[in-house]
There are 2 protein chains.
Amino acid sequence: MVTIADVAEEAGVSISTVSYVMSGKRTISPETRKRVERAITTLGFSPHAGARSLASRSTNVIGLQIPLRSGVDVHVVMEIVTGLVARARTHGYDILLLTSDDLRGMERAARGSMVDALLLMDVESDDPRIGVLAQLPQPSLLIGLPEGRRAVPCVDFDFEEAGWLAVDRLRALGHRRLALIGSPEEVMERHTSYADRLARGFLAACAAAGVDGSVHACPPGAEAGALVDEVLAHDADVSGFLVHNESALPHVFARLVDLGKHTTGKPAVVALCPDDVALSVPAPIDSIAVPAEALGEAAAEVICDMIAGGTPAGVRLIAPTLTVRTTPATAK
Amino acid sequence: MVTIADVAEEAGVSISTVSYVMSGKRTISPETRKRVERAITTLGFSPHAGARSLASRSTNVIGLQIPLRSGVDVHVVMEIVTGLVARARTHGYDILLLTSDDLRGMERAARGSMVDALLLMDVESDDPRIGVLAQLPQPSLLIGLPEGRRAVPCVDFDFEEAGWLAVDRLRALGHRRLALIGSPEEVMERHTSYADRLARGFLAACAAAGVDGSVHACPPGAEAGALVDEVLAHDADVSGFLVHNESALPHVFARLVDLGKHTTGKPAVVALCPDDVALSVPAPIDSIAVPAEALGEAAAEVICDMIAGGTPAGVRLIAPTLTVRTTPATAK
DNA sequence: GTGAAAGCGCTAACAT
DNA sequence: ATGTTAGCGCTTTCAC
């Protein structure tokens, strides 16, 4: 293994000079800098991360708890992670993978100085991890928005507003009895932050508009078709659907077409999902995009800022936007 | 921050005793052990990972390159990662997330002693990363099976054999003209290892059985329906389909039902996908399970073994198994 | 503009 | 069965 001492010798300078060339923390004459840089590439030197973190008390690693639980939307998770990793790298940070069921893992990582900060996904409305985070010496950030006190900064998509937006659109399409086809039961039951907030926004918007609205947990995959039947069995006049369940979307849509509930002239669905998912449905549908990759990027920016000691982060919510792809006969 | 010296003082022993209590590398009297352990929990001590890696020359971290490229099956990726992380943790290893497009990232991690080993997913038949891996001081493992020399050990599902198995089944169902509906174009084009091997096994099996077989790249989502039409336009007698494209599966299946190509009495499809995906199709279909989680676990076992200096790993392929869910009228 | 040297918190000889 | 101590490879005062 090649060390900083080897580089120093090769370049004919002292160890500290090499260190300062790398960090840029003091002015170096152009010639020395050149010599050192040549020595570094000649020898193929990479500083030992452990030694560095020991001396500098920082790791350039961010711990990320990703949800490996059932019911989560893997597609969205992957996109968030994609954006996150890419953006973190541009700030010089690597990502240490932690799993969301492992409360002790994140403590271990933090207390063992393996990470400079912690990032949590798949946050629940009343998440037990938040208390732990607040005790940790490193800064932390949630991708999600729990209820109650905000002991920890948050970044998320504004699911609550998305509920309002969807109801607006469904009303404009002429629907007066609406249903939210949402996340699977287990996600709802553990009060995953986004599921709670979407339902809240949806129901509040329905109430405000004086239309009828109901919320339904929905299993992923083909069984979603049966749920549509169930909803209609309970109230045959339900005609507008907000679908927030990626793998159920094609099945819900197909069932609504079969039942004649959705036609080109009278669209019945607004989907909440990444754009490519909305486009994979056999016919055009309106959708509110979940900007997953941008969300990951935003989270990376905020956490890097926090590590750098930037301004207190607070709450940041990305606003939803509706994309209209249908041209209903009855739309004015 | 609490250090090993604090613990030693609290317990009234020397620093090395504390270290040896933690590592178990020498015999400690029960009383001292107890005292040290109490001191550790009292003070909430976690050893500094950087200091540890500096002194011990090992990090207890495995670098994992996950594919964040288009066309990959996120569902399968997540399952592999799930199995991998869980199993690695039981061996005391954490996972550093690297991305598969970042060739330099993995070198950086390895040369900077950030990881004890490297694990690569989404391997291509002639993968440029392999040459780099072989030069690195740390051991590495591929999840995949490239062609040519095996400079690096490999673990994977036996996609080639899966091709044979599927052809067996489709022939038993009475089909004589077969089509493989496979990965998206971009995955095929970069000669992703699994896509290549599945196609090879499928075509070899067709040739061996004297039946007609063709391979088709397939876009994810709804456009898959159109591909079915295209295949049949080219040869209307194609009747047996092996589908290896998770998000296309429901659409391919629906199209085949619409066209009357698939009936309960005469099943037309064998799917290659995780079991839950196969079960989410509206009707029972035969499938070959991709044991993604088990694959991740196997990879974790092998790499931990390699780090521990275990026996040279070579190639390990998990055998496919067919699950029959259909009871065709014509089956004997 | 550059060097010398004192740590950072551990592990693992080498002691006894 | 336990203590002493020399590093591990870097960053960062201090000194010039």
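Protein chains get the first letters and strands the later ones, always in sequence-line order, with residue 1 at the start of each. Just so we're clear, the structure is a prediction, and the values are computed from it rather than from any experiment.
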Item to check | Between A:E293 and A:T82, a side-chain donor and acceptor under 3.5 Å | outcome: no
Checklist entry - DNA chain D: A:M1 or A:K25, which has the more 5' nearest nucleotide? => result A:M1
Checklist entry - Hey, is B:E37 close enough to B:R33 for a salt bridge, meaning N to O under 4.0 Å? => result yes
Next on the checklist: Using a strict heavy-atom distance below 4.0 Å, which residues from residues 33-59 of chain B are in contact with DNA chain D?
Outcome noted: B:L54, B:A55, B:R57
Item to check | Rounded (10°) bend between the five-pair end axes of the helix from C:dG1-D:dC16 to C:dT16-D:dA1 | outcome: 40°
Checklist entry - Cut-off 3.5 Å, side chains only: do B:E147 and B:H191 have a donor facing an acceptor? => result no
Item to check | Sugar-phosphate, base or nothing in reach of B:S23, heavy atoms under 4.0 Å | outcome: nothing
Next on the checklist: With a 4.0 Å cut-off on N to O distance, would you call B:D101 and B:R69 a salt bridge?
Outcome noted: no
Item to check | Donor-acceptor contact below 3.5 Å, side chain B:D6 vs main chain B:T3 | outcome: yes
Item to check | DNA chain D: 5'-proximal contact among A:R26 and A:T3 (nearest heavy atom) | outcome: A:T3
Checklist outcome for this item: To the nearest angstrom, the CZ-P distance between B:R111 and D:dG9 comes to 16 Å
Show every donor-acceptor pair shorter than 3.5 Å between a side-chain atom in residues 15-24 of chain A and any protein atom, with sequence neighbours excluded, or say none if there are none.
{"unit_1": "A:S16", "atom_1": "OG", "unit_2": "A:S14", "atom_2": "OG", "d": "3.1"}
{"unit_1": "A:T17", "atom_1": "OG1", "unit_2": "A:S14", "atom_2": "OG", "d": "3.2"}
{"unit_1": "A:S23", "atom_1": "OG", "unit_2": "A:S19", "atom_2": "O", "d": "3.4"}
{"unit_1": "A:S23", "atom_1": "OG", "unit_2": "A:K25", "atom_2": "N", "d": "3.2"}

Next on the checklist: With a 3.5 Å distance limit and no angle check, can you tell me whether A:E297 reaches the backbone of A:L84 through a side-chain donor-acceptor pair?
Outcome noted: no
Checklist entry - Does A:R35 come within less than 4.0 Å of A:E31, counting only side-chain N to carboxylate O? => result no
Item to check | A:D158 and A:R197 ion-paired at < 4.0 Å | outcome: no
Item to check | Of residues 4-20 of chain A, the positions that come close to DNA chain D - non-hydrogen atoms, cut-off under 4.0 Å | outcome: A:I4, A:I15, A:S16, A:S19, A:Y20
Checklist entry - Could you give the start and end, 5' to 3', of the contact zone on DNA chain C for chain A, using atoms under 4.0 Å from its heavy atoms? => result C:dG1 to C:dG9
Which atom pairs, donor and acceptor, lie under 3.5 Å between side-chain atoms of residues 105-117 of chain A and protein residues at least two apart or in another chain?
{"unit_1": "A:E107", "atom_1": "OE2", "unit_2": "A:R111", "atom_2": "NE", "d": "3.2"}
{"unit_1": "A:R108", "atom_1": "NH1", "unit_2": "B:D94", "atom_2": "OD2", "d": "2.9"}
{"unit_1": "A:R108", "atom_1": "NH2", "unit_2": "B:D94", "atom_2": "OD1", "d": "3.1"}
{"unit_1": "A:R108", "atom_1": "NH2", "unit_2": "B:D94", "atom_2": "OD2", "d": "3.4"}
{"unit_1": "A:D116", "atom_1": "OD1", "unit_2": "A:T59", "atom_2": "N", "d": "2.7"}
{"unit_1": "A:D116", "atom_1": "OD1", "unit_2": "A:T59", "atom_2": "OG1", "d": "2.9"}
{"unit_1": "A:D116", "atom_1": "OD2", "unit_2": "A:T59", "atom_2": "N", "d": "3.2"}
{"unit_1": "A:D116", "atom_1": "OD2", "unit_2": "A:N60", "atom_2": "N", "d": "2.7"}

Next on the checklist: Tell me if a side-chain donor or acceptor on B:T42 pairs with a main-chain N or O of B:R38 at a distance below 3.5 Å.
Outcome noted: yes
Checklist entry - Would you say the side chains of A:E186 and A:S70 form a donor-acceptor pair under 3.5 Å? => result yes
Checklist outcome for this item: Of all heavy-atom pairs linking A:V152 and A:S140, the shortest is CG1-O, 3.4 Å
